[in-house]
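Notes for the one structure printed next.
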Number of protein chains: 4
Amino acid sequence: MKTSPAAVSSETESPPATSKRQAILDAAADVFAEEGFAAASIDAIAARAGVSRQTVYNQLGDKDNLFKVVVAEITEKSSADFFRVLDTFPVAPIDLETELTEFSALLLRKAVCDPNGRWLRKLVETEGGRFPELFETWKEYGPGKKYPAIAARLAQLALAGHLDIEDPALAARQYVALLATDLRINQQIGRQTPEEEVDRMAREATKTFLRAFAKR
Amino acid sequence: MKTSPAAVSSETESPPATSKRQAILDAAADVFAEEGFAAASIDAIAARAGVSRQTVYNQLGDKDNLFKVVVAEITEKSSADFFRVLDTFPVAPIDLETELTEFSALLLRKAVCDPNGRWLRKLVETEGGRFPELFETWKEYGPGKKYPAIAARLAQLALAGHLDIEDPALAARQYVALLATDLRINQQIGRQTPEEEVDRMAREATKTFLRAFAKR
Amino acid sequence: MKTSPAAVSSETESPPATSKRQAILDAAADVFAEEGFAAASIDAIAARAGVSRQTVYNQLGDKDNLFKVVVAEITEKSSADFFRVLDTFPVAPIDLETELTEFSALLLRKAVCDPNGRWLRKLVETEGGRFPELFETWKEYGPGKKYPAIAARLAQLALAGHLDIEDPALAARQYVALLATDLRINQQIGRQTPEEEVDRMAREATKTFLRAFAKR
Amino acid sequence: MKTSPAAVSSETESPPATSKRQAILDAAADVFAEEGFAAASIDAIAARAGVSRQTVYNQLGDKDNLFKVVVAEITEKSSADFFRVLDTFPVAPIDLETELTEFSALLLRKAVCDPNGRWLRKLVETEGGRFPELFETWKEYGPGKKYPAIAARLAQLALAGHLDIEDPALAARQYVALLATDLRINQQIGRQTPEEEVDRMAREATKTFLRAFAKR
DNA sequence: TATGAATGAGTCTTCATTCAT
DNA sequence: TATGAATGAAGACTCATTCAT
């Protein structure tokens, strides 16, 4: 019933095995996100994946392990997305505000808005206590790598004379905070963020950030 | 630290009734916060409150209702805390940066750090789907009242010539975002925020905010 | 809220004790009738009686005993009602059909329609297995005494030449069956029997009975 | 005695599925009949059916639904039984009393004595309040169809000059009442009706009925 | 591999009953 | 005597997990 990504790319070799596994992971990500770990039932996941309960066990073991694999997968995907976006950071800008705004919008769209990433954060917060190792992986791949990477880019801009920054790490954290401001509020009040607002958010955040840190 | 209503009014009459109910609510708040709604067991709540399971049911009905009452109570308390702090906002500052930093620290401590408020936010996010009415109450009393209230104070400062703000509502959102920056990151990586860091956070957030919005 | 029979007769001496006990019994009769034994809760009975749960236990012991007392009381009352009506049986009738119809109507009204008696029958049927002794009492005071009593009256009428009956016991059973016909059907389809229909039922039953057994 | 649908169609394929469901329904009918709705436990039903509790839930959902299905099934079966017997009604009798007695005995045996039907009536009475829709179905298929059907047969006999009946509907009700007389009394006093007595009951009821309604 | 069934544990909820006040 | 609380035992229902087919 579902458009399996595996079915598109490959032809005959082990499509069932792979695609089933992926279907389960996708379904599990959804259900965990919607229900939380405790309230998510294996049956619901199996049903949404269109496979039998037993297949879930065969492919991914018990609930704890399934959860771990799901989180690991999303962590990885989310991290890859982030670094792909980061490559577009305007290290040598002509028009800093315009270019940084564009980058910000891309970052918001691909790395912050991303449902996967959002649910991941929530899940890790909620279930962090139950899965400490997971927590560690996530911390390492999430905040542990992303903030320093941004800080490095900002430092580069400062060195190049575009910004006036004393503490790049702090500036990076504040930059992200400003970016995510309205996204977070929307999430808190249960409101979907419409695609069109993302550009405004990027513009406003960048503007304020540059008012604070642009070299005058 | 807790203002017990019974302690105010009398000595001997009916302290158990009231205090039991309150003990249950406190215990429930803790357990819900730690475990989430689905994983929180009534038995655990009763045990932590030092009462019998039956007393929980007698006093507060079923799990759904218990949850609603807990959230309503925390919402109220948290809102009251916020507005008490808001009264100390430096509307006519002599030294804006110092006074706003002080206010920021107080706000962080009483209204943002506040465990009650934090868990409340998380719970409402996680269980919002299951309790839509709750969601509404929270939105109304939470973001719906707090951001406008801060925006109004910032607008006052702008009018008085201290700030250069075009959109007070946006500024308010960004101010809070900057304030909560490190708090949120700490929460995400499961790190307790030590008391001593709060002042630094307030200072850094205020500094950046003023770099962006102070009248030059 | 309820018109307590005890309150009518006496003034001050031990009205609480007696009336409370009676209130409990009345309430219990209602609740048992409506809910059945298993589904009837002591709390519901106590609440309906307007007394505390403990008082129920003090006055009437545990649930089993309460049930027994209720049934015994209704058995007795119902039996008394029946025999009071039986005294009006037309042993020496002038116009047999008219007089027997009148008696039948009275019997229907006082002894068959009587809610107490009806619920009693149902309860005894339903819970008979759980309370064999009760069953015995009821059998003895109910069918065990009533049918023979009616049979005796019918035999008297036969002896006096009004009826042509070979087996008075059988005739008694059939007489009651004919009387209760529509009442039972109404009960089965959950329809209240309106007061006005009772006379028609008595007339029809008596007519058929006499068509079968009247001396020609 | 039980017509198992599986037994008709095949030998090996999928007998478990169907037979398990049926086993549960049979067991549930028994337990509900013996204990009433409230006191019947799912575990008891599962145990008597020789299946696990979970299988009960898988096959038939919760207790309410299980009850509804059981009642619906018995209603249907009981109705079918009745109309099968009704086909043997002596519409053109040579010896009316003999033939009607035979029919009466058959009706008693198959349709009135039938444990299924009896328990059904009791259950519907007792739990009618909790399941109003059930009540309606039962009324429609039970009294709503059976009495008219009998009335029609009696009217036919009257037309053919065998009976002297003014109100066939009333006569039908009285006929059934006479038939069930002793059965009901036995049930009330908790006495099993021995097979041998059924003929006597049929004979006595028919005799009285004909004494009242036979054309002289 | 998929399916139905089984198992055993666990949670929510209600109840009867008893104690202390 | 009445009240609130406590206890212990069900019982409904769900779930994770495993077996057999």
Side-chain angles (χ1 to χ4, degrees), chain A residues 16-17 20 38-46 49-59 61-66, chain B residues 12-21 23-24 35 37-46 49-59 61-66, chain C residues 16-17 20-21 37-46 49-59 61-66, chain D residues 12-21 23-24 35 38-46 49-66:
Chain A
K20 293 233 159 157
S41 92
I42 298 277
D43 272 31
I45 292 170
V51 304
S52 87
R53 185 184 28 243
Q54 198 52 247
T55 305
V56 176
Y57 282 97
N58 288 343
Q59 300 264 2
D62 66 13
K63 198 182 179 184
D64 280 25
N65 190 65
L66 173 56
Chain B
T12 53
E13 357 149 50
S14 78
T18 311
S19 69
K20 293 237 159 158
R21 188 188 155 94
I24 294 168
E35 312 280 338
F37 179 80
S41 98
I42 297 278
D43 273 30
I45 292 170
V51 304
S52 83
R53 181 187 29 241
Q54 202 44 247
T55 304
V56 176
Y57 281 97
N58 286 343
Q59 300 265 0
D62 66 12
K63 200 181 176 183
D64 278 27
N65 191 66
L66 173 56
Chain C
K20 293 232 159 158
R21 187 188 157 94
F37 180 80
S41 91
I42 297 277
D43 272 28
I45 293 170
V51 304
S52 86
R53 186 183 27 243
Q54 197 54 245
T55 306
V56 176
Y57 281 96
N58 288 344
Q59 299 263 2
D62 67 12
K63 197 182 179 184
D64 280 25
N65 190 65
L66 173 56
Chain D
T12 54
E13 358 150 52
S14 78
T18 311
S19 69
K20 293 238 159 158
R21 187 189 155 94
I24 294 168
E35 311 280 340
S41 97
I42 298 278
D43 273 30
I45 293 171
V51 304
S52 82
R53 181 189 26 245
Q54 202 43 248
T55 304
V56 176
Y57 281 98
N58 286 342
Q59 299 264 0
L60 288 147
D62 67 11
K63 199 181 177 183
D64 278 27
N65 191 65
L66 173 56

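Order of the sequence lines fixes the chain letters, A, B, ..., with proteins taken first and strands second; residue numbering starts at 1 for each chain. Quick caveat: nothing in here was measured; it's all calculated off a predicted structure.
Of all heavy-atom pairs between C:Tyr57 and C:Asp62, the closest is CE2-CA, 4.1 Å.
Phosphate proximity of F:dA5 to B:Ser52: absent, as no side-chain N or O sits under 4.0 Å from OP1 or OP2.
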| said: For a quick check, with a 4.0 angstrom heavy-atom cut-off, what is the B/S/- contact string for nucleotides 14-21 of chain F, read 5' to 3'? | reply: BBSBBB--
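Contacts of B:Ser52 classified as side chain to side chain donor-acceptor pair (under 3.5 Å), with partners at least two apart in sequence or in another chain: B:Thr55. Listed by chain and number, the residues in a salt bridge (Lys or Arg N to Asp or Glu O under 4.0 Å) with D:Asp64 amount to none (sequence neighbours excluded). Evaluation of the ring pair (Phe, Tyr, Trp, His ring centres under 6.0 Å) rule for B:Phe37 yields B:Phe32, B:Phe67, B:Phe131 as partners, not counting sequence neighbours. Legend: residues meeting side chain to side chain donor-acceptor pair (under 3.5 Å) with B:Asp43, ordered by chain and number and at least two apart, are B:Arg53.
Rounded to whole Å, the distance from CG on C:Asn58 to P on F:dA2 is 8 Å. For D:Leu60 and E:dG4, the CG to P distance is 15 Å, given to the nearest whole Å. Put simply, CD1 on C:Ile45 is 11 Å from C1' on E:dA16, counting in whole angstrom units. Rounded to whole angstrom, the span from the CG atom of D:Leu66 across to the P atom of F:dA12 amounts to 10 Å.
Atom CG of D:Leu66 is separated from atom CD1 of D:Ile45 by 5.0 Å, given to the nearest 0.5 angstrom. Once rounded to the nearest 0.5 Å, the distance linking NZ of D:Lys20 with CG of D:Asn58 reads 11.0 Å. In this structure, CG on D:Asn65 lies 7.0 Å from CG on D:Leu60, to the nearest 0.5 angstrom.
Mapped onto DNA chain E by nearest heavy atom, D:Thr55 and A:Gly50 fall at different nucleotides, with A:Gly50 at the one closer to the 5' end.
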| task | Whenever both distances are under 3.5 Å in a Watson-Crick or G-U wobble pair, mark it; put DNA chain F into dot-bracket that way, with [ ] for crossing pairs and | when the partner is on another strand. | result | .||||||||||||||||||||
